[in-house]
Amino acid sequence: MTETLPQPPTGAAIQPDFTTLPRKVAPGARANLVGLTRERLRAALIEAGTPERQAGMREAQLWQWIYQRGVADFSAMTNLAKDYRALLATRFEIARPEIVTRQVSTDGTRKYLLRIAGGHEVEAVYIPEENRGTLCLSSQVGCTLSCSFCHTGTQMLVRNLTPGEIVGQIMVARDDLGEWPRPGQRPPERRLISNIVLMGMGEPLYNFDGVRDAMKIAMDNEGLSLSRRRITLSTSGVAPEIPRAGFEIGTLLAISLHATTDAVRSELVPINRKWPIAALLAACRAYPRLSNSERITFEYVMLRGVNDSDADAKRLVKLIAGIPAKINLIPFNPWPGAVHERSTWERIESFAEIVNRAGYASPVRTPRGADIMAACGQLKSATERGRRSRAEIAAEAGLPTVR
Ligand code: SAH
Ligand code: SF4
């Protein structure tokens with residue numbers, strides 16, 4: 001059963017679903033089925049010659065093979081007729097991003113460098129913890145924004161990831177962790193990948209449709225079946241898209257706040273010049289389903305001498321008063337060439353104490369995988385932006401060019 005989400009207020013714009021159209025592929029090339037919504041998958045099957053009256057059943061069968069079993073080869077789909085499997089194999093593929101390198105940290109964190117269409121590279125990070133395992137996904141190659149403390153921000157945006165490339169990161173990690181159930185087995189209760197955070201490379205709300213379609217697939221109960229409440233989308237503050245994200249995607253929300261005055265925030269997170277703190281917090285208050293069990297996480301990177309005073313801590317709790325929230329303090333993770341320094345532990349403790357006394361849980365995020373540059377804000381791939389037109393970028397990602 002898919003959970004029903006509250007509907008957006010009347011008048012809210014619903015974007016047409018362009019990103020999930022079946023790939024326009026060159027003659028002879030095979031289209032990737034990973035990342036197509038159920039509707040698009042069915043349409044692709046009909047277009048390939050599946051009789052319409054069978055299409056619903058075939059779609060359900062393929063969906064289960066691809067997302068419940070992790071099967072990448074049509075010949076293993078034993079409940080489909082041999083001829084039909086052969087037909088599918090001539091028209092389609094079930095492709096994930098390719099693992100270029102996999103690094104394992106001393107603390108067990110795994111960082112994957114993945115190659116996608118066009119030869120570009122993105123990173124995904126798996127963080128095992130005692131009671132859960134979190135996969136940190138990228139939504140873009142590079143980022144259009146340039147937050148002063150973030151390594152990804154030094155890499156220009158190359159392109160948005162397609163839904164298949166986002167969902168493909170989950171599938172690659174499951175392949176690597178050996179997490180697909182064997183035939184006849186039910187998926188285990190305790191998942192190696194139990195949580196997803198959209199906190200890797202890129203700004204998820206600048207790839208709204210791609211992230212939405214990928215998360216729909218991730219949450220589908222007949223497929224990857226990850227729980228909506230265990231997925232967190234982190235945004236630097238694209239205010240107008242925040243309530244819409246709640247209505248159309250429905251995951252939990254994290255906000256990269258990082259400062260308590262517009263003067264400082266505009267220096268750290270330049271998008272603040274467009275949507276200052278007041279506009280951002282107004283959008284947060286409009287996020288649907290806000291409650292004690294669905295709180296917003298405010299992320300706050302601790303930068304020595306920049307945003308870490310007691311006065312900042314006091315302003316912070318005043319700013320978010322009335323919003324069901326938790327505050328996640330992130331000690332700054334350094335990278336080559338960074339201008340900032342991490343706050344001292346005494347400062348972080350003093351800051352956390354003020355926030356705690358105001359009634360907010362304020363866990364300090366332990367840096368994970370820092371020895372392999374896998375911690376928050378350390379991701380960056382070598383992909384450089386070439387001079388290319390929008391049409392070329394869309395064609396490379398297998399997307400239609402009309403927008
Ligand atoms: N673009 C989104 C999501 C990716 S960043 C966003 O900005 O929210 C995930 C989190 O890591 C954000 O809160 C980001 O501000 C933080 N971060 C970035 N660089 C960091 C660094 N060097 N040290 C610690 N946290 C960092
Ligand atoms: Fe982009 Fe987020 Fe890094 Fe800012 S912090 S540059 S929005 S990835």
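Note that ligands are numbered from 1 as they come in the structure, with each ligand's atoms numbered from 1 the same way.
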Would [X] and [Y] count as having a side-chain donor-acceptor pair, cut-off 3.5 Å?
| X | Y | value |
| --- | --- | --- |
| Tyr206 | Ser139 | no |
| Arg342 | Asn333 | yes |
| Tyr112 | Asp176 | yes |

Judged by atom type as modelled, is there a donor-acceptor pair below 3.5 Å linking the side chain of [X] to the main-chain atoms of [Y]?
| X | Y | answer |
| --- | --- | --- |
| Ser256 | Glu299 | no |
| Arg91 | Leu88 | no |
| Glu121 | Leu113 | no |

Indicate yes or no: does an N/O atom of Asn333 lie under 3.5 Å from an N/O atom of ligand 1?
->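 Between Asn333 and ligand 1 (N or O atoms, distance only) the closest approach is under 3.5 Å.
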
Nearest to [atom], what protein heavy atom do you find, and at what distance?
| atom | value |
| --- | --- |
| atom 4 (Fe) of ligand 2 | Cys147 SG, 2.3 Å |
| atom 12 (C) of ligand 1 | Ser256 OG, 3.2 Å |
| atom 2 (C) of ligand 1 | Ser234 O, 3.4 Å |
| atom 1 (N) of ligand 1 | Gly202 O, 2.9 Å |
| atom 1 (Fe) of ligand 2 | Cys143 SG, 2.4 Å |
| atom 19 (N) of ligand 1 | Gly377 CA, 3.0 Å |
| atom 11 (O) of ligand 1 | Cys376 CB, 3.7 Å |

For atom 2 (Fe) of ligand 2, which candidate among Pro204, Gly153, Gly202, Pro270 holds the nearest heavy atom?
->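 Of the listed residues, Gly202 has the closest heavy atom.
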
Given Met302, Glu299, His258, which one has a non-hydrogen atom that is nearest to atom 15 (O) of ligand 1?
->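 Among Met302, Glu299, His258, the closest heavy atom to atom 15 (O) of ligand 1 comes from His258.
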
Identify, by atom number and element, the atoms of ligand 1 in contact range of [X], meaning under 4.0 Å from any of its heavy atoms.
| X | result |
| --- | --- |
| Cys150 | 18 (C), 19 (N) |
| Trp335 | 22 (N) |
| Glu203 | 1 (N), 2 (C) |

Determine whether the side chain, the backbone, both or neither of [X] has a heavy atom under 4.0 Å from any heavy atom of ligand 1.
| X | answer |
| --- | --- |
| Thr235 | backbone |
| Ile330 | side chain |
| Met199 | both |

Does ligand 1 have an atom that lies less than 4.0 angstrom from a heavy atom of [X]?
| X | answer |
| --- | --- |
| Gly237 | no |
| His151 | no |
| Gly200 | yes |

Drop me the distance from Trp65's CH2 to Leu33's CG, to the nearest 0.5 angstrom.
->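 The CH2 atom of Trp65 sits 15.0 Å away from the CG atom of Leu33.
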
Could you tell me whether any N, O or S atom belonging to Cys150 is less than 2.8 Å from atom 1 (Fe) of ligand 2?
->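 Checking atom 1 (Fe) of ligand 2 against Cys150, no N, O or S atom falls under 2.8 Å.
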
Less than 6.0 Å separating the ring centroids of Phe298 and Tyr360?
->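 No - the distance between ring centres of Phe298 and Tyr360 does not fall below the 6.0 Å cut-off.
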
In terms of ring plane angle, is the pair Phe149 and His340 parallel, tilted or perpendicular, where the classes change at 30° and 60°?
->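 Because their plane-to-plane angle lies in the 30° to 60° range, the rings of Phe149 and His340 count as tilted.
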
Aromatic plane relationship, Phe351 with Tyr300 - under 30° parallel, 30 to 60° tilted, over 60° perpendicular =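 Because their plane-to-plane angle lies in the 30° to 60° range, the rings of Tyr300 and Phe351 count as tilted.
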
State, with a plain yes or no, whether a side-chain heavy atom of Lys216 is found less than 4.5 Å away from one of Thr37.
->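 No, too far: nothing below the 4.5 Å cut-off.
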
Number the atoms of ligand 2 from 1 as they appear, then name those within less than 4.0 Å of a heavy atom of Leu145, with their elements.
->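 Ligand 2 atoms under the 4.0 Å threshold to Leu145: 6 (S), 7 (S).
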
Number the atoms of ligand 2 from 1 as they appear, then name those within less than 4.0 Å of a heavy atom of Ser236, with their elements.
->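 In order of number, 7 (S).
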
Have a look at Glu203 and tell me which of Asn160, Thr144, Thr235, Thr152 forms a side-chain hydrogen bond (donor to acceptor under 3.5 Å, both in side chains) with it.
->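 Of all the options given, the one that passes is Thr235.
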
Cationic N near anionic O, under 4.0 Å, Arg229 to Glu294 |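 Looking at Arg229 and Glu294, the cut-off is met.
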
